[in-house]
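Heads up: the structure comes next, in structure tokens.
Keep in mind that the numbers below use all heavy atoms, side chains included, and drop hydrogens, waters and symmetry copies.
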Amino acid sequence: ASLAAFHVIQVACGKAHTLVLTDDGAYPVFSFGSNLNGECGLGNGEIGLERRCRHMTVPTLITTLVDKSIVRITCGAHASFGITTHGALFSWGNNAHGQLVLGHAQSTDCPQKS
């Protein structure tokens with residue numbers, strides 16, 4: 001899905017990545033930029049320098065968030081967050097210090113419900 005087909009309602013930026021929230025009804029979230037720590041949330045299993053991590057040069061739909069009713073997004077330097085209409089928190093990216101509120105300190109490249 002191309003971002004051009006959607007109406008953008010919010011943009012959030014980390015150190016080197018960007019999230020875009022649209023108002024299409026299913027509330028799709030797109031990401032692009034650095035994916036070194038999984039902050040793009042694409043679930044490709046390529047976190048860290050030892051992997052062939054892909055930096056996304058075009059906005060890419062975060063498919064795991066489709067139909068999650070994300071209404072707000074925000075970013076840390078290397079982490080990303082989405083909040084649903086019911087107040088549930090989804091987080092992904094660098095979690096070296098437990099900043100994703102997942103109950104552990106393992107980074108993730110796929111949005112997880114906190």
Identify the heavy atoms of [X] and [Y] that sit nearest to each other, and give their distance.
X	Y	answer
Thr64	Cys110	CG2-SG, 3.7 Å
Cys40	Ser34	SG-O, 3.4 Å
Pro111	Gly41	CD-O, 3.4 Å
Ala96	Ser107	N-OG, 4.2 Å

[X] side chain to [Y] main-chain N or O, any donor-acceptor pair under 3.5 Å?
X	Y	value
Gln99	Asn94	yes
Asn95	Gln106	yes
Thr22	Phe6	no
Thr60	Val58	yes
Gln10	Val8	no

Exercise for the section: Return yes when atom NE2 of His104 has more than 12 non-hydrogen atoms of other residues, nucleotides or ligands closer than 6.0 Å, and no otherwise. Expected result: yes
Exercise for the section: Sequence neighbours left out, what passes side-chain hydrogen bond (donor to acceptor under 3.5 Å, both in side chains) with Ser114? Give chain and number order. Expected result: Ser91
Exercise for the section: Report yes if some heavy atom in the side chain of Pro59 is under 4.5 Å from a heavy atom in the side chain of Val20; otherwise report no. Expected result: no
Exercise for the section: Could you tell me whether the side chain of His17 reaches within less than 4.5 Å of the side chain of Ser80, counting heavy atoms only? Expected result: yes
Single-linkage hydrophobic cluster [X]~[Y], side-chain heavy atoms < 4.5 angstrom:
X	Y	answer
Leu3	Val29	yes
Val66	Met56	yes
Ile83	Trp92	no
Leu65	Ile9	yes
Leu42	Ile73	yes

Exercise for the section: Begin with the C-alpha distance, continue with both residues' side-chain angles, and end with the deciding distance and a verdict on side-chain contact (heavy atoms from CB on, under 4.5 Å) for Leu102 and Thr108. Expected result: CA-CA 10 Å; Leu102 298 174; Thr108 179; 4.0 Å; yes
Exercise for the section: Check whether the side chains of Asn35 and His55 place a donor and an acceptor atom closer than 3.5 Å, and report yes or no. Expected result: no
Nearest-0.5 Å distance, [atom1] of residue [X] to [atom2] of residue [Y]:
X	Y	atom1	atom2	value
Leu19	Ile62	CG	CD1	5.5 Å
Leu21	Thr74	CG	OG1	11.5 Å
Glu39	Asp109	CD	CG	10.0 Å

Exercise for the section: Quick one: do Phe90 and Lys68 satisfy side-chain contact (heavy atoms from CB on, under 4.5 Å)? Show the steps, please. Expected result: CA-CA 9 Å; Phe90 284 83; Lys68 298 288 192 240; 3.8 Å; yes
